[in-house]
Protein chains: 2
Amino acid sequence: MPMTCRTGLHDRHDVYAAQCPCRDVLDMLANKWSALVVGALEDGPQRFGALQRRLEGVSPKVLTQTLRRLEDYGFVDRTIYPAVPLHVEYALTDLGRGVAGPLGLLRSWVESHLDEIHAVRG
Amino acid sequence: MPMTCRTGLHDRHDVYAAQCPCRDVLDMLANKWSALVVGALEDGPQRFGALQRRLEGVSPKVLTQTLRRLEDYGFVDRTIYPAVPLHVEYALTDLGRGVAGPLGLLRSWVESHLDEIHAVRG
DNA sequence: CGGTATCCTGTGCGATACTG
DNA sequence: CAGTATCGCACAGGATACCG
């Protein structure tokens, strides 16, 4: 169980350290759709189609990629209900609910400061 | 001055709307280095070389790209002090200090939950 | 010191068509 | 319904060398 990022120099993790696994996590979240998917799932478990409609413009391929990645890192759970037609639900894990906080703050900061940003850019 | 994202349906912006400029801002922040640069500049104005050392593993080209993009969106100011050798400083704008909050929370959430994430992934 | 220039690779992302 | 298959482009990102 890794406790440090750079062979005993730190007790805690450091995203600024090249070798710290933190980087992978941050990189994983740093893409066009992850923050939006996590935010959408805060409303409760969602089906693939619902997510696709919510995240306007996302293609099925990319949505699948994003969900799989979030699943790999333990942020999202995928549950299959055997039925016809097929029923699959995506839900946040505890970890997912945890990261949803910071991500939500970021999303709402952007929304509430867009006019200001727009003004600066001309 | 744009107040809505989708022709009058909302009074505020919505990152889930495909056409909302919010998306651009979120996308701009969603890359490998932006959050790290903003965080590094929270300590005060920094020179190019200092940033490069702080962000372990970043190449000069990519650091320049990241800084220019942040400058374009009004998060970072670039100041040249005419001297030999050349002296250039990067600093957060008010907007930059604003977004530094949410970004910092995200960084520290990742750092403090890495062990948990690592445990889930096996 | 603070970058540019150049080249290269990977892959994120998108569109579309198709399938169990 | 919930994806997969395939194709293609654009660009992020990295390595290295060089310049004012």
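Numbers restart at 1 for each chain; the letters A, B, ... are given by sequence-line order, proteins then strands. Just so you know, these numbers come straight off a predicted model, no measurement behind them.
- In this structure, B:Val38 and B:Leu92 have side chains that are in contact, with non-hydrogen atoms separated by less than 4.5 Å.
- Counting any heavy atom pair closer than 4.0 Å across all strands shown, A:Tyr81 reaches no nucleic acid atom.
- At least one side-chain heavy atom of B:Val99 sits less than 4.5 Å from a side-chain heavy atom of A:Leu106.
- In this structure, the side chains of B:Val88 and B:Thr79 stay at 4.5 Å or more apart for every pair of heavy atoms.
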When you compare the protein's N or O atoms with those of nucleotides 17-19 of chain D, which come within less than 3.5 Å of each other, and at what distance?
none

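- Contact record, B:Arg107 with B:Glu42: NH2-OE1, 3.5 Å, taken as the closest heavy-atom pair.
- Contacts of A:Asp24 classified as side chain to side chain donor-acceptor pair (under 3.5 Å), with partners at least two apart in sequence or in another chain: none.
- For residues 44-54 of chain A, proximity to DNA chain C is found at no residue, defined as any non-hydrogen atom under 4.0 angstrom from a strand atom.
- Separating the CD1 atom of A:Ile80 from the P atom of C:dG20 is a distance of 17 Å, rounded to the nearest angstrom.
- The list of salt bridge (charged side-chain N to carboxylate O under 4.0 Å, His left out) pairs with a residue in residues 26-41 of chain B, not counting sequence neighbours, reads A:Asp27-B:Lys32, A:Lys32-B:Asp27.
- Applying the 4.0 Å criterion to OP1 and OP2 of D:dG3, one finds that A:Arg78 has a side-chain N or O inside that range.
- Counting only heavy atoms from C-beta outward, the side chains of A:Val110 and B:Leu29 approach each other to under 4.5 Å.
- Under the rule for a salt bridge (charged side-chain N to carboxylate O under 4.0 Å, His left out), B:Arg23 has no partner lying at least two apart in sequence or in another chain.
- Taking five base pairs at each end of the helix from C:dC1-D:dG20 to C:dG20-D:dC1, the local helix axes there meet at an angle of 50°, rounded to 10°.
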When you compare the protein's N or O atoms with those of nucleotides 12-14 of chain D, which come within less than 3.5 Å of each other, and at what distance?
| unit_1 | atom_1 | unit_2 | atom_2 | d |
| --- | --- | --- | --- | --- |
| D:dG13 | OP1 | B:Lys32 | N | 2.8 |
| D:dG13 | N7 | B:Lys61 | NZ | 3.2 |
| D:dG13 | O6 | B:Lys61 | NZ | 2.6 |
| D:dG14 | OP2 | B:Trp33 | NE1 | 3.0 |
| D:dG14 | O6 | B:Lys61 | NZ | 2.3 |

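- Contact annotation: A:Arg68 side-chain N/O to D:dT4 OP1/OP2 distance is under 4.0 Å.
- Distance, B:Leu86 CG to C:dT4 P: 11 Å, rounded to whole Å.
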Under 3.5 Å, sequence neighbours excluded: what are the donor-acceptor pairs made by side chains of residues 61-74 of chain A?
| unit_1 | atom_1 | unit_2 | atom_2 | d |
| --- | --- | --- | --- | --- |
| A:Thr64 | OG1 | A:Pro60 | O | 2.9 |
| A:Thr66 | OG1 | A:Val62 | O | 2.8 |
| A:Tyr73 | OH | B:Arg121 | NH1 | 3.4 |

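- Regarding contacts with the backbone of D:dA2, every side-chain N or O of A:Thr64 stays at 4.0 angstrom or more from both OP1 and OP2.
- B:Leu105 belongs to a hydrophobic cluster whose other members, connected by ILVMFWY side-chain contacts under 4.5 Å either directly or through intermediates, are A:Leu105.
- Residue B:Tyr90 places at least one side-chain N or O closer than 4.0 Å to OP1 or OP2 of C:dG3.
- Judged as a salt bridge (charged side-chain N to carboxylate O under 4.0 Å, His left out), and not counting sequence neighbours, A:Glu116 has no contacts.
- A search for side chain to side chain donor-acceptor pair (under 3.5 Å) contacts involving A:Arg53 returns nothing, not counting sequence neighbours.
- Pairs engaging residues 74-93 of chain A under the salt bridge (charged side-chain N to carboxylate O under 4.0 Å, His left out) rule: none recorded [sequence neighbours left out].
- A:Leu63 has its CG atom 15 Å from the P atom of C:dG12, to the nearest Å.
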